[in-house]
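Take a look at the structure set out below.
The first residue in the sequence is number 1, and the count goes up from there.
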Amino acid sequence: MKKLLVVIGAGKGLGNGVAEKFAENGFRVVLMARNEKRLNEYVADFTAKGMEAFAQKADVTDTDDFAKQFGQVVETYGTPDAVFYNVGITVPDADCEMNAKTMADRYRADVIGAYNTVHLLDTEAFAKKNGAILVTGGGLALQPYAEYLPLSMDKAALRAMVQALSPVLLAKGIYIGTVQVTGVIGSNEHFAPKRIAEEFWNLYSERKTAEIIY
């Protein structure tokens, strides 16, 4: 049976770019996001390219329901070989009302969702498959900006999570790694989703480091 990649935060851009890279290398892919209509459109696009893809609606900010939906994926398609966490709210602070509630809501999606995903994957079945958890990081973790304060803080927290958990998970046979994307995805050829997807494939394939700064 083909290996399985689960993408949490599928979408036109990096989410689907990484999914396509893995599919080109013989993976089945399950695409997870909140918008069911768009998910079905993505699956149709993959199918038209001869790739095996499936959709599962889910919202990472609802911890209990997300665990239920992720469990459904495992029950239906089996324990994944790799999971790509690509959730991140990238709206500039000036475009919304910035307050403590906004900060908490962003953290719930960007960081708590990622931690919950790791928790769900910390299993004997995933370890037996030498499973890999891949996380979209950002240059704001290295160089924060006040104009993107929640995102800067959240990417820093994600980076700390990956670095702290990497040796703990590796001891169990589970790999975790992140690509710190230091520019706007899709803004030029260097930051094209396909180029960044190559870096995630390298992380998965080589497992030599927990972080690539790109």
Side-chain angles (χ1 to χ4, degrees), residues 6-11 13-15 17-18 32-34 58-67 69-70 80 82-123 126 131-172 174-185 191 193 196-197 199-200 203-204 207-214:
V6 177
V7 177
I8 302 168
L14 187 56
V18 169
M32 302 185 75
R34 293 181 297 179
D59 182 352
V60 298
T61 63
D62 186 335
T63 302
D64 292 337
D65 188 63
F66 177 73
Q69 299 307 320
F70 191 84
V83 173
F84 176 41
Y85 193 85
N86 184 52
V87 177
I89 301 173
T90 58
V91 179
D93 297 1
D95 291 352
C96 62
E97 183 181 356
M98 188 51 56
N99 52 40
K101 182 180 183 305
T102 302
M103 298 278 283
D105 289 345
R106 300 281 184 86
Y107 190 82
R108 187 175 298 111
D110 297 347
V111 183
I112 297 299
Y115 173 79
N116 189 38
T117 299
V118 173
H119 177 71
L120 293 171
L121 291 166
D122 189 1
T123 65
F126 193 60
I133 305 167
L134 307 173
V135 180
T136 300
L140 291 171
L142 309 170
Q143 187 173 356
Y145 287 97
E147 294 83 358
Y148 287 87
L149 185 58
L151 189 59
S152 296
M153 295 168 67
D154 293 354
K155 290 301 184 184
L158 276 177
R159 185 174 189 239
M161 183 191 77
V162 171
Q163 291 183 341
L165 292 182
S166 177
V168 176
L169 292 173
L170 277 177
K172 301 177 181 181
I174 298 171
Y175 170 80
I176 187 169
T178 180
V179 176
Q180 305 296 348
V181 185
T182 60
V184 178
I185 297 169
F191 291 111
I196 302 170
E199 300 301 321
F200 277 103
L203 271 184
Y204 171 77
R207 306 183 184 217
K208 292 180 180 178
T209 178
E211 177 179 77
I212 291 176
I213 298 175
Y214 184 79

| Gly15 versus Val7, closest heavy-atom pair with distance | O-CG1, 3.8 Å

| query | Any donor-acceptor pair under 3.5 Å linking the side chain of Thr61 with the backbone of Ala109? | reply | no

| Taking the inter-plane angle between the rings of Tyr115 and His119 on a 0 to 90° scale, is it parallel (under 30°), tilted (30 to 60°) or perpendicular (over 60°)? | parallel

| message | Using side-chain heavy atoms (C-beta onward) and a distance below 4.5 Å, is Met153 in contact with Val111? | response | no

| task | List the atom of Ala82, the atom of Tyr204, and the distance in Å for their closest heavy-atom pair. | result | CB-CE1, 3.9 Å

| task | Go through the steps to decide whether Val162 and Glu211 satisfy the test side chain to side chain contact (heavy atoms under 4.5 Å, CB included), and finish with yes or no. | result | CA-CA 8 Å; Val162 171; Glu211 177 179 77; over 6 Å; no

| request: Carefully, step by step, assess Tyr145 and Leu140 under the rule side chain to side chain contact (heavy atoms under 4.5 Å, CB included). | output: CA-CA 7 Å; Tyr145 287 97; Leu140 291 171; 3.3 Å; yes

| What pair of heavy atoms forms the shortest contact from Ala114 to Leu158, and how long is it? | CB-CD2, 3.5 Å

| message | Return the CG to CD1 distance between Asp105 and Ile112, rounded to the nearest 0.5 Å. | response | 12.0 Å

| remark: d(Arg207 CZ, Leu170 CG) to nearest 0.5 Å is 9.0 Å

| Rounded to the nearest 0.5 Å, what separation is found between the CD1 atom of Ile174 and the CG atom of Leu169? | 5.5 Å

| message | Among Val118, Val60, Val6, exactly one meets side chain to side chain contact (heavy atoms under 4.5 Å, CB included) together with Tyr85. Which residue is that? | response | Val60

| task | Identify the two heavy atoms, one from Gly137 and one from Thr178, that lie closest to each other, and give their separation to 0.1 Å. | result | N-OG1, 3.3 Å

| query | Say you draw a straight line from CD1 of Ile133 to CG of Leu165; how long is it, rounded to the nearest 0.5 Å? | reply | 8.5 Å

| query | What is the distance from atom CZ of Arg108 to atom CE of Met103, rounded to the nearest 0.5 Å? | reply | 13.0 Å

| request: Evaluate side chain to side chain contact (heavy atoms under 4.5 Å, CB included) for Asp154 paired with Arg106, printing each intermediate quantity in order. | output: CA-CA 8 Å; Asp154 293 354; Arg106 300 281 184 86; 3.7 Å; yes

| request: Compare every heavy atom of Phe66 with every heavy atom of Ile8, then report the nearest pair and how far apart it is. | output: CD1-CZ, 3.6 Å

| said: Between Pro150 and Met98, is there a side-chain heavy-atom distance shorter than 4.5 Å? | reply: yes

| remark: From the list Leu14, Thr117, Val135, side chain to side chain contact (heavy atoms under 4.5 Å, CB included) partner of Phe84 resolves to Leu14

| remark: Between the CG atom in Asn86 and the CZ atom in Phe200, the distance rounded to the nearest 0.5 Å is 7.0 Å

| request: Flag the pair Phe70 / Asn116 as yes when at least one side-chain heavy-atom distance between them is below 4.5 Å, and no otherwise. | output: no

| note | When every non-hydrogen atom of Lys155 is compared with those of Thr136, the smallest separation belongs to NZ-O, 2.9 Å

